[in-house]
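For reference, the structure discussed in these notes is given below.
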There are 2 protein chains.
Amino acid sequence: MRPTVHDIAAAAGVSLATVDRVLNQRPGVRHVTREKVETAIREIGYVRDVAAANLAKGRTYSFVFIVPASDNSFMHGLNAEVMAAVARSPVERTDIRTVEVPAFDPTALAAALDTLRSERPAGVALVATDAPEVRDAVDRLVQDGVPVVTVVSDLTGSQRHHYAGVDNIAAGRTAARLLGRFLGGAKGDVAVLAGSMLVRDHRERLEGFAAVMAEEFPGLSILPVIEGRDDPDMAHMLVSDALSKRDGIIGVYSLGAGNRGLIRALKEKSVDRALTVIAHELTDHTRTALLDGTIDAILNQDAGHEVRSAIRVLKAKADGLSVIDAQERIRLDIFLKDNLP
Amino acid sequence: MRPTVHDIAAAAGVSLATVDRVLNQRPGVRHVTREKVETAIREIGYVRDVAAANLAKGRTYSFVFIVPASDNSFMHGLNAEVMAAVARSPVERTDIRTVEVPAFDPTALAAALDTLRSERPAGVALVATDAPEVRDAVDRLVQDGVPVVTVVSDLTGSQRHHYAGVDNIAAGRTAARLLGRFLGGAKGDVAVLAGSMLVRDHRERLEGFAAVMAEEFPGLSILPVIEGRDDPDMAHMLVSDALSKRDGIIGVYSLGAGNRGLIRALKEKSVDRALTVIAHELTDHTRTALLDGTIDAILNQDAGHEVRSAIRVLKAKADGLSVIDAQERIRLDIFLKDNLP
DNA sequence: CCATTTTTGATGTACGTAAATCAAATTTTT
DNA sequence: AAAAATTTGATTTACGTACATCAAAAATGG
C-alpha cells in the first residue's frame, strides 16, 4: 500500500500537523524537525496523492493559452484543440482561458505576458514570437513562479520550463533528404516557400533544409527563399512567377503555412511540369493535394498533441512533479498518401 | 461549479442514498425512481468525479498484460515499457501484472486468457496471436465484462474493445512508396524479409507493400518472401544467400523483427552493391544502421505509447468513460537519419 | 528562573464519492 | 385492512489531503 501522511508522521516521530506544515511549506517548524520529516519522506518514498490533494483544496488549475490571431488552417486547428481542452476542463480540473494577440508582434505578446503577472495563473502556454522583449517577459513570469511552456514555436534563451513542439531543424533536414531522395540523382533547382524569415521555426526549417542539401545533394541548388507571409494569394502569385521564370525548378519545399495558393499555382503548371513537392502541416487542402499527387509528402506536427502535452506539463510543473519525457516529445509526422490518419 | 451527487439528489427530488443506489447500480430502487434520477443526471450533466470515487473506494485498477516470450529487441522494449508502467503504478492507482506466454502459440495464449476469467481483473491487454481459439477466449472475457485491448498485433473478428497498435497495411504501403520513390525509376528485384507469414501484422504489411508495388512501381518485382522467423542468424543466412544468387536485387524491405542478421548480411555485400533498404522497428541496431547508411528508412511503432495508451483505454473502459480518439491513435513513425529521437 | 516567543501536538472540518446501517415510508400481497 | 415486502430517507464513516484553531510543550531572551 502506498504510504500516506500518517506513515510519514509515524516514521519521523512527529505529529500529522507538523508533516502538513512541512509538506505545504507552512511556517513554524524548526530546521531540524523539517529535516527529520524530509528524510522520512525520502526514505519511505512518499508521493503526495495529487487527486486527494486537489479534492481537499477544491483546486482547479487556471491556465492561460496565448495564441496568435493568424488566419491560417494550422492556427485554426490549434485553436480548435485548445477549445477541445476547454470542453474537457471540468473533468480535468482545469480552467483554461485563451488570449489572442496579433501575430508576429513581440511588443503585444510581451504586454500580454506582463498583464498576466498580476493575476498569477497556475500556468501559461504561448506560441512564442522569438524576440528579446518576449523572452524577458517570459523570464519575469518564470521568476514570479509561474510555469511557462512554449507551444509550436520556441523562445531562444528564455527560462520557459518546456517546449511543446517539433525540432524544426530536424524537420528541415528531413524535408531535404526526402526531396533529394525522391528526385533520385536529378540535377536542378529547388524553390523554397516560407512564411517569414522573422519566425524562428521557419528559419530553423530552412537552416536544416539547406544544410542537408549542401552536404548530400550537390546536384540540387536552392533558389532564394520566397516569403509568402503565409498568405495564399501572395504565395500563389510568387510561386507562379518563379515557376514561369525558372524552368530549372524540379522541387519545391513549402515550410510555412498557407499552402492553398501554392497548391493552386502547382496545379496550373502541372500540365507541363513534373515537380516533387514537400509541404508542412496537414490540412484539408494539403491532404487533398497529397492524395491527388500534387504534393509528395507532408511534414506535420499534431496540434492536439501539443496542446494536451502543454497542459500535462503545466500541471506537473504546478505540482512540482516530473513528466514522462518520451510522452511529451512532439514527433514530426511524415505523411505519404498511404499513411494518412 | 461542477455538479455533485447532492445536486442530482436535489434535482431529482430524492435522497442522496437513492442517487448512490442508482449510480452504483445497487438494488432496491423502483423503476420510475431510477428513471427520474437518470434524467436528472443527464439534464444537469453530472459526471462522476473519478478521482474522488477512486479515493473513496480505495480503488486500484488491476490490469494484466499478456506478452509473448520472444527474444527480440522489440519485445524487450515492450516489456521494458510495461515495467516502466509498473513502476508508476502507485501514482496511477494501477496494479499491473505481466504474464508471459510462448510466442505464436494460440493454445497457450487462449489458456492464459481463460485462466484470467476466474480472477476478474479490471482489464487485460494482450499481444494477440491471430487465431480463432484466441478470439473465442477474448470474447469470453469480454462477455464476462472484462475490458480487453490488443497491443501491437490485433485479433480478427474479436470483440476486444480497442487495438493499441499501428495500421499495418498502411505501414506496408508506406514502405513500398518510400522504397519505390527512393529507387527513382530503376528497374529490378525487391527482397522481402519477414518473420513469419503466420502473424497478422506481418501478413498485413506484406499485403500493403505488394499492393502499392503492383499499382505504382511496375518496374520493381517482389521476390518470394524470405521468412527469417525473427531470428538474426537465420535472417543473415537467408539474406546473404539471396543477395549472392540474385544480382538483380536493388531493394530490401524487412517487415519483421530481428534485423541484426539482415544488417550483417547487408554490410558484407555493401562493397559491391548499392541497395535501398527499409526496415521496421527502431532498435540500437537499426538506429546505427540508419545512421551509417546501411538502412535508408525505419518504420516504427512506439511501444511506450502503445503501453500507455492501452492503460488509459482500459481505465476508461473500466470506468465506463470515453477516450480522446486522436490521442489513442498509434502513429506510424517514419525515421530518416535526420529525425531520430 | 521567569516571561516571552517559537515550535509542536491534538483535533475538527472539508472536498466528492462509496458503502453501510437502521428507521420510516410506501407499495404489494393476502 | 392488516401483514409482509419493498423502496426510500437519514445518517455515519471512510478515503488521503488541506487547512484552521487552540492548547501544550519546548526553546529563547533577559
Side-chain angles (χ1 to χ4, degrees), chain A residues 1-38 40-41 44-61 89-93 95 122 315 318-321, chain B residues 1-38 40-41 44-61 89-93 95 122 315 318-321:
Chain A
M1 206 67 273
R2 193 171 160 184
T4 73
V5 280
H6 293 85
D7 300 320
I8 310 176
V14 299
S15 77
L16 226 57
T18 302
V19 173
D20 178 70
R21 288 181 185 114
V22 173
L23 276 176
N24 296 293
Q25 309 167 91
R26 272 183 262 278
V29 184
R30 256 191 314 165
H31 188 67
V32 279
T33 315
R34 188 172 293 273
E35 296 238 298
K36 240 187 347 187
V37 174
E38 276 163 354
I41 289 175
I44 67 178
Y46 168 83
V47 188
R48 179 199 253 106
D49 184 330
V50 182
N54 285 345
L55 181 61
K57 276 191 275 204
R59 165 172 210 166
T60 56
Y61 302 81
S89 272
V91 180
E92 297 184 346
R93 289 199 142 74
D95 173 21
K315 269 192 182 178
D319 293 333
L321 297 176
Chain B
M1 204 66 275
R2 195 173 158 183
T4 74
V5 280
H6 294 85
D7 300 320
I8 309 176
V14 300
S15 76
L16 225 57
T18 301
V19 173
D20 180 69
R21 287 180 186 113
V22 174
L23 276 176
N24 297 291
Q25 307 165 95
R26 273 183 260 278
V29 184
R30 257 192 314 166
H31 188 69
V32 279
T33 315
R34 186 174 294 274
E35 297 238 298
K36 237 185 353 185
V37 174
E38 277 163 355
I41 289 176
I44 67 178
Y46 168 83
V47 189
R48 179 198 251 107
D49 184 329
V50 182
N54 286 345
L55 181 61
K57 277 193 275 206
R59 167 172 209 166
T60 56
Y61 303 81
S89 272
V91 180
E92 298 184 346
R93 288 198 142 75
D95 173 21
K315 269 192 183 177
D319 293 333
L321 298 176

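Each chain gets a letter, A, B and so on, in the order its sequence line appears, and its residues count up from 1.
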query = When the distance from CG of D319(A) to P of dG16(D) is rounded to whole Å, what number comes out?
reply = 19 Å
ask   = In whole Å, what is the span from the NE2 atom of H6(A) to the P atom of dG16(D)?
value = 8 Å
key: Whole-Å gap separating C1' (dT13(D)) and CG (L16(B))   = 14 Å
Between P of dG16(D) and CZ of R59(B), the distance in whole Å = 16 Å
query = Of the residues in residues 23-31 of chain B, which ones touch DNA chain C at a heavy-atom distance under 4.0 Å?
reply = N24(B), R26(B), R30(B)
key: Note, I41(A) side chain near L23(A) side chain (heavy atom, < 4.5 Å)   = yes
request  = Give a yes/no answer on whether the side chain of T4(A) brings an N or O atom under 4.0 Å of OP1 or OP2 in dG16(D).
outcome  = no
remark   = Judged by nearest nucleotide, the residue sitting upstream toward the 5' end of DNA chain C, A52(B) or R21(A), is R21(A)
Gap between atom CZ of R2(B) and atom OG of S89(A) - 0.5 Å precision = 11.0 Å
inquiry  = Please report the distance, rounded to the nearest Å, between CG in D49(B) and C1' in dA18(C).
reply    = 12 Å
message = Could you tell me how far apart I44(B) (CD1) and dG16(C) (P) are, to the nearest whole angstrom?
response = 13 Å
task = Examine distances only and state if a side-chain atom of K315(A) and a backbone atom of E92(A) form a donor-acceptor pair shorter than 3.5 Å.
result = yes
request  = Classify the nucleic acid contact of V50(A) as base, sugar-phosphate or nothing, counting any heavy atom under 4.0 Å across all strands shown.
outcome  = nothing
remark   = Applying side-chain contact (heavy atoms from CB on, under 4.5 Å) to N24(A) and not counting sequence neighbours gives D20(A), R26(A), R48(A)
ask   = To the side chain of S15(B), which of dG9(D), dA19(C), dC15(D) is closest?
value = dG9(D)
Nearest-Å distance for atom pair CD1/P, residues I8(B) and dG9(D) = 14 Å
request  = Flag the pair R59(B) / D319(B) as yes when at least one side-chain heavy-atom distance between them is below 4.5 Å, and no otherwise.
outcome  = yes
inquiry  = Which is more 5' along DNA chain D, the nucleotide nearest A17(B) or the one nearest V5(A)? Just name the residue.
reply    = A17(B)
message = At less than 4.0 Å, is any side-chain N or O atom of R48(A) found next to OP1 or OP2 of dA18(D)? Yes or no.
response = yes
ask   = More 5' along DNA chain D: D20(A) or K57(B), using each one's nearest nucleotide?
value = K57(B)
Value rounded to 0.5 Å, distance of CZ in R30(A) from NZ in K36(A) = 7.5 Å
query = Going by heavy atoms in the side chains, are R93(A) and D49(B) under 4.5 Å from each other?
reply = yes
inquiry  = Nearest whole Å is fine: how far is dA26(D) P from K36(A) NZ?
reply    = 12 Å
